[in-house]
Protein chains: 2
Amino acid sequence: MPSTTAKTPDVSRRSERSRKAILRASMELVGEVGYTKLTIEAIAARAGVGKQTIYRWWPSKAAVLLDAFTEVVRSEDYQAGIPDTGDIEADLKTVLRATADEFSDAAFEAPYRALAVASAADAELAEQFVRRLQEPGLEVYIARLRAGQQAGQIDPDLDLRLATEVLLGPFQQRWLNRSGPLTHEFADRLVEMALRAFAPRA
Amino acid sequence: MPSTTAKTPDVSRRSERSRKAILRASMELVGEVGYTKLTIEAIAARAGVGKQTIYRWWPSKAAVLLDAFTEVVRSEDYQAGIPDTGDIEADLKTVLRATADEFSDAAFEAPYRALAVASAADAELAEQFVRRLQEPGLEVYIARLRAGQQAGQIDPDLDLRLATEVLLGPFQQRWLNRSGPLTHEFADRLVEMALRAFAPRA
DNA sequence: CCACCAAGACGAGACGAACCGTCTTGACAA
DNA sequence: TTGTCAAGACGGTTCGTCTCGTCTTGGTGG
């Protein structure tokens with residue numbers, strides 16, 4: 001019987017120059033025109049690249065953007081982790097305030113929102129989005145909460161996974177829905193309320 | 001100087017028959033083909049209506065869907081409110097379990113997800129989405145929490161607005177990101193953790 | 001009370017523009 | 001020699017606007 005294998009391109013012969021130009025062009029364009037008006041044709045034109053070169057290596061414009069964004073964020077965050085001064089409330093407030101500021105920066109906002117939106121619509125992309133961008137973020141929170149457990153500031157039986165969802169879920173909800181401002185005030189109140197749920201049982 | 005007013009259509013002469021047919025057709029089609037493949041042309045064809053009739057009354061396909069969904073949900077939910085048996089933990093678990101089931105139903109999921117996605121991408125639509133669909137839902141939670149305050153089960157100084165965000169944010173995050181299953185188990189653990197944060201201070 | 005009429009929404013679909021994703025060409029690099 | 005590359009032609013969709021002729025409706029004059 002005839003093989004139905006789709007001929008996969010030869011990765012070893014891929015042009016690094018074109019790859020970089022494509023990722024760069026998509027980040028620029030998504031900031032300029034927004035995600036819905038972002039077009040494969042425009043990316044190719046801006047990058048000085050044939051359309052086929054994009055279609056050969058990526059399944060969708062969202063996938064291009066995910067690669068582009070991952071490249072930027074890689075190693076920049078997540079490396080340092082969350083500071084541990086011994087005061088978990090202060091540490092969490094510091095990080096959540098910084099996150100609030102980051103999400104108020106348009107240069108970060110536009111592509112990240114585009115990815116979040118595309119992920120909500122496309123289950124396949126969502127798996128990649130969560131695994132490559134969200135999970136690493138969760139891990140640093142879990143690490144800090146675990147340290148808090150060992151310091152006796154946090155219930156040792158707490159489900160740390162669920163705890164990060166309680167801490168970050170309301171934050172993401174506000175941001176995605178634009179149902180409220182991402183102020184330092186909000187970050188502080190959220191951390192305070194979450195820590196009341198995380199505290200060791202009396 | 002010449003007026004630049006866009007001629008607004010005459011509402012009093014609007015065809016109720018066509019309006020209903022359009023809303024009905026969009027709900028049917030979004031379930032059949034999904035939101036991204038939902039097309040104004042297809043809605044018009046299914047509804048037996050000219051395209052112009054849709055463009056005349058709605059700014060986007062998302063706006064059509066929001067009207068269609070609002071019409072269905074109107075008065076169906078939100079009327080009853082959250083049961084008050086005196087046991088706030090049990091009551092919240094009941095409602096959140098029911099919500100989890102609702103979000104697992106494809107007939108509800110498809111159009112609602114479409115609206116959530118479109119809202120995340122479009123600030124103007126988001127304002128309508130939050131106000132017409134999400135706010136009414138929040139209000140019934142706030143009412144039940146307020147009753148809990150009066151019953152002495154909940155901290156009287158609690159910010160009830162923030163409380164609903166803590167309760168529902170993690171739920172929405174899981175659902176939108178598909179970062180975990182919306183089980184009864186999850187609903188119960190979430191309510192339990194939230195109530196620890198809501199409890200009166202010792 | 002009713003016949004008439006002008007205004008405007010209606011169904012249908014033609015129209016050009018934008019993008020889609022595929023395919024072809026000739027250059028070039030491994 | 002083989003396969004990617006830039007460039008762009010190609011047919012197919014859907015867009016949003018527009019132009020028809022029809023139908024509905026509210027106001028007017030007999």
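What's counted below: heavy atoms across the whole structure, side chains too, no hydrogens, waters or symmetry copies. Order of the sequence lines fixes the chain letters, A, B, ..., with proteins taken first and strands second; residue numbering starts at 1 for each chain.
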Measure the distance from [atom1] on [X] to [atom2] on [N] and round it to the nearest whole Å.
| X | N | atom1 | atom2 | value |
| --- | --- | --- | --- | --- |
| Y55(B) | dG13(C) | OH | P | 17 Å |
| L29(B) | dT14(D) | CG | C1' | 15 Å |
| E16(A) | dC5(D) | CD | P | 11 Å |
| K37(A) | dT14(D) | NZ | P | 21 Å |
| R17(A) | dT4(D) | CZ | C1' | 14 Å |
| K61(B) | dG16(D) | NZ | C1' | 14 Å |
| D10(B) | dC10(C) | CG | P | 10 Å |
| I54(B) | dG13(C) | CD1 | P | 15 Å |

(request) Might you work through the side-chain hydrogen bond (donor to acceptor under 3.5 Å, both in side chains) test for R56(A) and Q52(A), ending with a clear yes or no? (result) CA-CA 6 Å; R56(A) 185 178 298 119; Q52(A) 188 63 36; 5.8 Å; no
(request) Return the 5'-most residue of the pair I40(A), A47(B) with respect to DNA chain C, ranking by each residue's nearest nucleotide. (result)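 Looking at DNA chain C, the more 5' nearest nucleotide goes with A47(B).
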So, is [X] close to the [N] phosphate, meaning a side-chain N or O under 4.0 Å from OP1 or OP2?
| X | N | answer |
| --- | --- | --- |
| S18(A) | dA6(D) | yes |
| W58(B) | dG16(D) | no |
| T53(A) | dA6(D) | yes |
| R14(A) | dG3(D) | no |

(message) Given dC20(C), dT4(D), dA9(C), identify the nucleotide with an atom nearest to the side chain of W57(B).
(response)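 Shortest atom-to-atom distance from the side chain points to dA9(C).
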(request) Hey, which sits more toward the 5' end of DNA chain D by its nearest nucleotide, V11(A) or E41(B)? (result)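 Final value for this comparison: V11(A).
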(message) For R131(A), is there an ion pair with E127(A) - N to carboxylate O distance below 4.0 angstrom?
(response)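 The answer is yes: the pair qualifies as a salt bridge.
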(message) So that I can tick it off, tell me whether K20(B) and E71(B) are bridged by a salt bridge, with the cut-off set at under 4.0 angstrom between side-chain N and carboxylate O.
(response)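 Salt bridge absent between E71(B) and K20(B).
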Could you list all N or O pairs between the protein and nucleotides 19-25 of chain D that sit under 3.5 Å apart?
| from | atom 1 | to | atom 2 | distance (Å) |
| --- | --- | --- | --- | --- |
| dT24(D) | O2 | R13(B) | NH2 | 2.9 |
| dT25(D) | O2 | R13(B) | NH2 | 3.4 |

(message) Can you tell me if E124(A) has over 12 outside heavy atoms packed within less than 6.0 Å of its CD?
(response)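 Open: at most 12 neighbouring heavy atoms sit under 6.0 Å from CD of E124(A).
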(message) More than 12 heavy atoms of other residues, nucleotides or ligands under 6.0 Å from CZ of R14(A): yes or no?
(response)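 Check passes, neighbour count above 12.
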(message) Side chains of D10(A) and S12(A) only: does a donor on one sit below 3.5 Å from an acceptor on the other?
(response)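 Yes, side-chain donor-acceptor contact under 3.5 Å.
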(message) Between R132(A) and T70(A), is there a side-chain donor-acceptor contact under 3.5 Å, judged purely by atom types and distance?
(response)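 Side-chain D/A pair, T70(A) to R132(A): present.
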(message) Is it the case that dG13(C) (base atoms only) and K51(B) (side chain only) share a donor and an acceptor within less than 3.5 Å, ignoring hydrogens and angles?
(response)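 It does not, because no donor-acceptor pair links the side chain of K51(B) to the base of dG13(C) below 3.5 Å.
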